[in-house]
Amino acid sequence: MGLNPAYAGAYGAAPPFSQIPYMGGAKAAVPEAPAPPNSILFVQNLPHQSTPMMLQMLFCQYPGFKEVRMVEAKPGIAFIEYGDEMQSTVAMQALQGFKITAENPMLITYAKK
DNA sequence: AGCACA
């Protein structure tokens, strides 16, 4: 009565759920809408030495610019506020991936909360 | 990777 591998799948030896590729990792619908539009932009991948001044120089060129807020607690991210979401969208598209330095292309999304 | 102001 040795262990016959043939019984392994038939009884208790099923693989953990985490290894079963059920849906191949399907998520919610529409990957084209990563974040809901917002008049405030969330900017990340900034060099840690960047200042609100630098961001203002860049973003104030686009219509509707209101203000820039940096998050001191988490270096490398910042918020850019615009008058409305149409204007913030234009600015986001325009400056998306803008290289502040060679290693720091800006990653811009709509702000979360 | 991160999400702050009012």
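By convention in this document, chain letters (A, B, ...) are assigned in the order of the sequence lines, proteins followed by strands, and residues within each chain are numbered from 1.
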J.: Among all residues two or more places apart in sequence or in another chain, which pass the side chain to side chain contact (heavy atoms under 4.5 Å, CB included) test with A/T109?
T.: A/F42
J.: Where the side chain of A/N38 meets the backbone of A/A111, is there a donor-acceptor pair that is under 3.5 Å apart?
T.: yes
J.: Near DNA chain B, under 4.0 Å by heavy atom, which residues of residues 48-67 of chain A?
T.: none
J.: Hydrophobic clusters join Ile, Leu, Val, Met, Phe, Trp and Tyr when side-chain heavy atoms are under 4.5 Å apart, directly or via other members; which others share one with A/L58?
T.: A/L41, A/V43, A/L46, A/M54, A/L55, A/F59, A/Y62, A/F65, A/V68, A/M70, A/I80, A/Y82, A/M92, A/L95, A/F98, A/I100, A/M106, A/I108, A/Y110
J.: Once you apply a heavy-atom cut-off of 4.0 Å, does A/N38 come out as touching a base, just sugar-phosphate, or nothing?
T.: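 Nothing, no heavy atom under 4.0 Å.
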J.: Over how many whole Å does the gap from A/Q44 atom CD to B/dC3 atom P extend?
T.: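 The distance from CD of A/Q44 to P of B/dC3 comes to 10 Å, rounded to the nearest Å.
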J.: Given atom CG of A/L46 and atom C1' of B/dC3, what is their separation to the nearest angstrom?
T.: 13 Å
J.: Please check the phosphate of B/dA4 (OP1 and OP2 only) for any side-chain N or O of A/K74 closer than 4.0 Å.
T.: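 The answer is no; no side-chain N or O of A/K74 sits under 4.0 Å from OP1 or OP2.
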J.: Quick one: OG on A/S88 to CD on A/Q93, what's the gap to the nearest 0.5 Å?
T.: 10.0 Å
J.: Please report, rounded to the nearest Å, how far the P atom of B/dC3 is from the CG atom of A/L41.
T.: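 One finds 17 Å between P of B/dC3 and CG of A/L41, rounded.
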J.: Under the side chain to side chain contact (heavy atoms under 4.5 Å, CB included) rule, collect the residues that match up with A/S39, sequence neighbours excluded.
T.: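 Result, side chain to side chain contact (heavy atoms under 4.5 Å, CB included) vs A/S39: none returned.
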J.: Which nucleotide in the set B/dC3, B/dC5, B/dG2 lies at the smallest distance from any side-chain heavy atom of A/P75?
T.: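 Of the candidates, B/dG2 comes closest.
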J.: Do A/I40 and A/I77 share a hydrophobic cluster (ILVMFWY, side-chain heavy atoms under 4.5 Å, transitive)?
T.: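 In one cluster: yes.
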J.: What is the minimum heavy-atom distance between A/P75 and A/A73, and which atoms define it?
T.: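 Nearest pair, atom of A/P75 first, then A/A73: CD-O, 3.6 Å.
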J.: State, to 0.1 Å, how close A/P47 and A/S50 come at their nearest heavy-atom pair, and which atoms those are.
T.: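 Reported closest heavy-atom pair: O-OG, 2.6 Å.
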J.: What is the separation between atom CZ on A/R69 and atom P on B/dC5, rounded to the nearest whole Å?
T.: 8 Å
J.: Does anything in residues 76-86 of chain A come within less than 4.0 Å of DNA chain B? Heavy atoms only, and list the residues if so.
T.: A/I77, A/F79
J.: Rounding to an integer number of Å, can you tell me how far A/Y110 OH sits from B/dC5 P?
T.: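 Spelled out: OH on A/Y110 to P on B/dC5 is 23 Å.
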J.: Would you mind listing every salt bridge (Lys or Arg N to Asp or Glu O under 4.0 Å) that reaches into residues 72-87 of chain A, with sequence neighbours excluded?
T.: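 Output for this query lists A/K66-A/E81, A/R69-A/E81.
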